[in-house]
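What follows is a single structure, written as structure tokens, with notes after it.
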Protein chains: 10
Amino acid sequence: MKGYTKKHAQAGIKAKLPRIDCFPSQYKNYEIVISVPEFTSICPKTQLPDFGVITIRYVPNKLCLELKSLKFYLLAFRNLGIFYENAVNRILDDAAGACRPKWLEVHGEFSPRGGIKTQVLARYPRPEPKYFNS
Amino acid sequence: MKGYTKKHAQAGIKAKLPRIDCFPSQYKNYEIVISVPEFTSICPKTQLPDFGVITIRYVPNKLCLELKSLKFYLLAFRNLGIFYENAVNRILDDAAGACRPKWLEVHGEFSPRGGIKTQVLARYPRPEPKYFNS
Amino acid sequence: MKGYTKKHAQAGIKAKLPRIDCFPSQYKNYEIVISVPEFTSICPKTQLPDFGVITIRYVPNKLCLELKSLKFYLLAFRNLGIFYENAVNRILDDAAGACRPKWLEVHGEFSPRGGIKTQVLARYPRPEPKYFNS
Amino acid sequence: MKGYTKKHAQAGIKAKLPRIDCFPSQYKNYEIVISVPEFTSICPKTQLPDFGVITIRYVPNKLCLELKSLKFYLLAFRNLGIFYENAVNRILDDAAGACRPKWLEVHGEFSPRGGIKTQVLARYPRPEPKYFNS
Amino acid sequence: MKGYTKKHAQAGIKAKLPRIDCFPSQYKNYEIVISVPEFTSICPKTQLPDFGVITIRYVPNKLCLELKSLKFYLLAFRNLGIFYENAVNRILDDAAGACRPKWLEVHGEFSPRGGIKTQVLARYPRPEPKYFNS
Amino acid sequence: MKGYTKKHAQAGIKAKLPRIDCFPSQYKNYEIVISVPEFTSICPKTQLPDFGVITIRYVPNKLCLELKSLKFYLLAFRNLGIFYENAVNRILDDAAGACRPKWLEVHGEFSPRGGIKTQVLARYPRPEPKYFNS
Amino acid sequence: MKGYTKKHAQAGIKAKLPRIDCFPSQYKNYEIVISVPEFTSICPKTQLPDFGVITIRYVPNKLCLELKSLKFYLLAFRNLGIFYENAVNRILDDAAGACRPKWLEVHGEFSPRGGIKTQVLARYPRPEPKYFNS
Amino acid sequence: MKGYTKKHAQAGIKAKLPRIDCFPSQYKNYEIVISVPEFTSICPKTQLPDFGVITIRYVPNKLCLELKSLKFYLLAFRNLGIFYENAVNRILDDAAGACRPKWLEVHGEFSPRGGIKTQVLARYPRPEPKYFNS
Amino acid sequence: MKGYTKKHAQAGIKAKLPRIDCFPSQYKNYEIVISVPEFTSICPKTQLPDFGVITIRYVPNKLCLELKSLKFYLLAFRNLGIFYENAVNRILDDAAGACRPKWLEVHGEFSPRGGIKTQVLARYPRPEPKYFNS
Amino acid sequence: MKGYTKKHAQAGIKAKLPRIDCFPSQYKNYEIVISVPEFTSICPKTQLPDFGVITIRYVPNKLCLELKSLKFYLLAFRNLGIFYENAVNRILDDAAGACRPKWLEVHGEFSPRGGIKTQVLARYPRPEPKYFNS
């Protein structure tokens with residue numbers, strides 16, 4: 001495949017990013033949805049900025065994601081070269097790693113590029129794909 | 001975690017609030033949805049006001065929530081320092097405690113702060129989280 | 001509970017209303033949805049008018065609801081004192097009693113009062129509430 | 001019931017209509033949705049025109065509905081006296097009879113009359129009504 | 001059926017098209033949605049252009065669809081005579097053939113022609129049609 | 001013109017209605033817009049209810065319209081037989097008569113009847129119609 | 001120009017149509033807007049139906065358009081062959097001829113045909129076209 | 001007028017509020033629009049909260065309104081008893097007094113109370129009302 | 001300027017295109033709006049397709065634009081290399097040249113490219129630009 | 001004013017930015033609108049990113065703005081500390097300086113911060129503010 005190197009494919013996956021803090025949940029078994037419409041990162045191939053809406057949905061176990069540290073964590077993608085798919089999956093791993101939730105999902109909806117719009121949805125724990133989960 | 005003390009985390013959870021009255025339901029096994037788009041409270045950390053839409057959905061058992069007392073109960077959050085998550089969970093406990101419903105859920109959708117928008121959903125009786133209930 | 005008497009709670013439940021006519025269905029096992037955005041009744045406590053959208057959804061058995069008589073039945077609430085919850089439940093009983101459907105549901109979505117908006121949903125035959133039917 | 005005769009109730013059910021042609025499907029087990037926002041027929045009671053949106057959704061077996069002949073079939077309702085319920089059910093029978101699909105459904109959403117809006121949904125093969133299929 | 005020949009019915013199904021490239025996925029069991037609102041092809045019967053929105057949704061196995069080559073693949077329909085149903089099914093076969101996903105679906109929503117709007121939905125692996133999968 | 005008598009044409013124009021109160025304005029030369037989406041009256045010909053949205057826009061002179069008395073004034077149309085055109089024009093005369101504004105306009109947008117929707121716009125002081133004021 | 005004869009161009013312009021009745025206006029110098037979203041006529045070239053929304057806006061002089069007769073007048077286009085431009089202009093002449101208004105305009109917004117959507121706007125008295133009246 | 005005293009009418013007009021700061025504009029003759037969807041105050045008659053959207057539009061002269069001090073100024077209405085009309089007019093006077101703009105307008109759009117929604121628009125310098133400025 | 005040659009700048013301006021036919025208008029001084037949401041052409045620099053919505057608004061003099069020939073004229077841009085600005089201006093010249101209208105304007109609204117969306121508006125007769133015509 | 005220094009107020013106004021290229025216009029006296037929904041810069045006070053939609057509208061004289069260079073010019077604000085008002089005014093000066101248009105305006109609509117949303121509109125040549133240009 002022309003112009004798509006392994007370096008591009010893995011760009012940003014292991015970059016150092018700020019830590020996501022947590023605080024102890026005061027209640028049990030409820031759901032939280034966090035939407036961040038101002039996410040932006042850099043395409044590792046073209047060096048041009050990408051834009052998107054990141055939505056995190058989860059049921060906390062003992063810890064909740066602290067919003068201010070989450071904000072600084074997401075701001076750190078601003079000048080990071082990383083593909084859409086990797087950004088969403090990395091946020092999943094980092095957010096779930098920080099708060100150890102009962103479940104958590106990350107959805108990214110990105111601005112069109114070349115007339116093509118992309119969304120990515122990842123879940124923790126990573127499910128076996130149900131046959132046509134609509 | 002900087003600046004996020006236990007005092008903040010538990011602010012408002014035990015504050016005294018007006019009582020929610022009920023009246024006897026005349027029918028059985030039907031569903032009621034109550035939406036309050038003008039909910040406002042105070043952030044315990046910044047002392048700045050938060051705004052949100054609270055929606056209560058339930059199947060009454062013998063009692064229905066009386067709307068006027070519910071309104072005064074919710075108005076009492078206006079000058080109360082309490083986080084989003086705690087506000088929704090406390091309303092759940094207080095509303096379910098008042099009317100002893102077959103089931104009841106409280107959903108809060110709050111105005112963006114720092115480019116981040118939050119929703120919280122809690123249910124009575126508190127369910128074991130289904131794996132990806134969409 | 002102040003100002004909420006038994007007389008209010010049961011107002012309109014047994015009031016005499018026009019009969020809902022039916023006609024024989026020509027087909028089997030299909031679904032009909034009837035929306036009436038111009039429903040209005042009177043609050044028994046304040047004597048002020050309430051407004052709402054009533055939606056009836058059903059699978060006919062042998063009979064269909066005749067629309068003209070249904071219209072005159074619903075118009076009769078215009079000057080009737082009755083609470084939201086009771087109006088929806090009574091329409092359920094009267095419509096199901098008239099056409100003996102396989103199933104039927106009535107949904108009422110009412111205009112905000114004092115910043116609070118209410119919906120009521122009732123079903124025939126009256127179901128045991130499923131745990132979180134979304 | 002006043003003014004609602006058997007002649008009205010069955011009007012148009014057996015009227016001769018143009019044939020719906022089909023063509024052989026080139027693939028298997030996929031779904032097709034056809035929307036016709038310009039459907040119009042005549043009310044058999046008032047002789048006034050009715051308007052609606054007809055949507056046909058199906059999984060073809062060996063044959064697909066040919067759009068041009070379907071269009072002329074639907075155009076033939078323009079001056080036909082037939083009730084909403086019967087129009088939708090007849091289209092179901094005629095479309096399913098023509099293409100023998102794995103399944104097929106017809107939905108009609110009609111313009112308000114006298115402040116009342118009606119929808120009709122019919123399915124082939126005709127299902128036993130599930131208890132509250134939402 | 002007049003004017004609808006086998007040549008039309010199979011037009012474009014075997015036409016040579018650019019190859020869809022893939023790249024190795026860095027994560028497992030997540031979902032990708034790709035929307036292309038600028039799809040256009042030619043009607044084999046009238047030679048007039050058709051327009052539509054193509055949406056591809058899939059769970060990658062080891063490979064992801066590379067967007068640039070997918071774009072050139074879809075651009076190649078611009079002057080290709082092919083019916084809606086065949087275009088969607090062919091894209092399904094070509095995309096699934098390229099990336100061997102866990103599952104993949106293609107949805108096409110096409111501009112109205114003669115007052116009729118069409119959608120087509122195809123899935124890999126091709127499912128036995130569930131009875132009324134809504 | 002059949003069935004349209006002078007009695008109908010003038011119905012409600014001179015009916016006694018509650019008085020609209022005013023209060024002294026504290027500022028000068030500003031504009032107020034009042035929207036009442038729950039207006040309802042009776043058609044003098046069919047005796048069936050009409051529904052509409054009434055909007056009053058004005059620049060106060062010395063007096064402002066008091067909202068509570070305005071509400072009871074508009075509620076009094078609920079069982080009054082009066083045509084759309086006359087209702088809007090009468091509200092104009094009554095509101096302008098009460099508060100003597102610099103200018104005032106009343107707009108009514110009414111629910112469709114028989115597939116026809118009507119709006120009426122009247123202004124005080126009554127202007128000579130500009131040639132195509134858009 | 002191929003296939004566009006003088007007979008087509010003038011079709012329907014002089015066809016006999018039902019009379020539009022009027023009634024005496026009770027007030028002066030106000031504006032009325034009448035919207036008819038269910039207008040349909042026949043294309044004189046293809047004999048296929050056209051659909052559109054007709055909006056009439058006017059300031060009455062001594063007479064108002066009576067809605068029921070206007071409805072039957074517009075219904076008479078249902079099986080009349082007439083082009084969009086001519087339909088709108090004829091309605092202008094007939095409506096203005098009936099009620100002799102201070103001014104009157106007719107706007108028609110028609111359903112797309114062959115990917116092209118058309119609107120027509122005509123005014124009485126017919127204005128000299130202003131240079132770019134936006 | 002019952003229950004509407006002079007004390008109510010003037011409530012909040014002279015209350016002490018935080019100062020609105022300004023900063024020197026770096027450019028000339030451009031327009032700024034500031035929208036605050038989270039404005040809330042107290043009704044002086046019922047002591048219940050009001051909610052609204054405040055929009056300030058202006059052309060700066062030498063000074064621009066500083067947003068942070070403007071925010072604290074508007075927050076101070078949270079527990080202030082003041083009518084809609086007075087709130088908007090006072091904000092006009094205070095904002096114009098602070099930045100001495102070429103012109104400035106304040107628009108308030110408030111939540112419905114008792115089925116009635118109110119907007120207020122005030123301008124500096126206070127204009128003579130144009131006859132029907134639309 | 002890199003990569004932007006005179007050949008690109010003038011591409012398509014003089015290409016031979018199908019003729020736009022006209023027919024005699026039957027009425028005077030009315031306005032016609034024609035919207036074509038399926039316009040597509042080729043970027044002369046990248047050879048990639050562009051998409052847009054073309055809207056033509058005019059007051060006919062003696063002739064109206066015939067829709068079928070206009071459609072084939074616009075279809076001819078499908079494989080023509082031409083910039084947005086030139087496409088709109090050329091359509092203006094060709095349409096005005098064909099029907100000699102009292103006035104005519106062409107508006108093009110094009111799909112985003114590289115995160116930038118473009119509109120072009122041209123008028124006949126070409127006006128001296130008014131100072132801020134909004 | 002606390003925390004708002006002259007350094008902040010003038011940040012970014014004189015920063016070196018990429019040049020905006022132009023190309024010769026092929027037509028006269030038409031209007032171009034360019035929308036860039038992905039504008040982002042840095043707040044000089046908080047160092048946090050701002051987001052906005054920039055729209056440029058102009059009538060070219062002899063030169064048009066070349067989109068690719070305009071894009072790189074706007075991308076350069078990504079890591080530039082500059083206030084909203086200054087960003088819009090600087091874009092005005094730079095774009096007008098590059099293409100010397102008949103007129104040009106720049107509008108910026110920025111994401112809410114602290115519950116406050118800001119828009120800025122600047123025009124070339126800089127107009128004397130009309131008294132209430134709506």
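In what follows, every chain begins at residue 1, and chains take the letters A, B, ... in the order their sequences are listed.
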Problem set entry | Contact winner vs chain C - B:E38, B:K68, B:K71, heavy-atom pairs under 4.5 Å | B:K71
For this session: Would you check if the distance from the ring center of C:F77 to the ring center of C:F39 is below 6.0 Å?
Result: yes
Exercise. Under a 4.5 Å cut-off applied to non-hydrogen side-chain atoms, are C:I34 and C:T55 in contact?
Worked result: no
Exercise. In Å, rounded to the nearest 0.5 Å, how long is the span from CG of C:L104 to CD1 of C:I56?
Worked result: 6.5 Å
Exercise. Which pairs pass salt bridge (charged side-chain N to carboxylate O under 4.0 Å, His left out) with one or both residues in residues 90-101 of chain B, sequence neighbours excluded?
Worked result: B:R90-B:D94, B:D93-B:R126
Exercise. Considering residues at least two apart in sequence or located in another chain, which fulfil the side-chain hydrogen bond (donor to acceptor under 3.5 Å, both in side chains) criterion with B:S25?
Worked result: B:Y30
Seminar exercise, completed: Checked C:L92, C:V106, C:N89, C:I13 vs chain B; the most non-hydrogen pairs under 4.5 Å come from C:N89
Problem set entry | Residues from residues 113-122 of chain C approaching chain B under 4.5 Å (heavy atoms) | C:G114, C:G115, C:I116, C:K117, C:T118, C:Q119, C:V120, C:L121, C:A122
Seminar exercise, completed: Taken in chain and number order and not counting sequence neighbours, the residues that satisfy side-chain contact (heavy atoms from CB on, under 4.5 Å) with B:A11 are B:P44
Problem set entry | Nearest-0.5 Å distance that lies between atom CG in C:D21 and atom CG in C:L67 | 11.5 Å
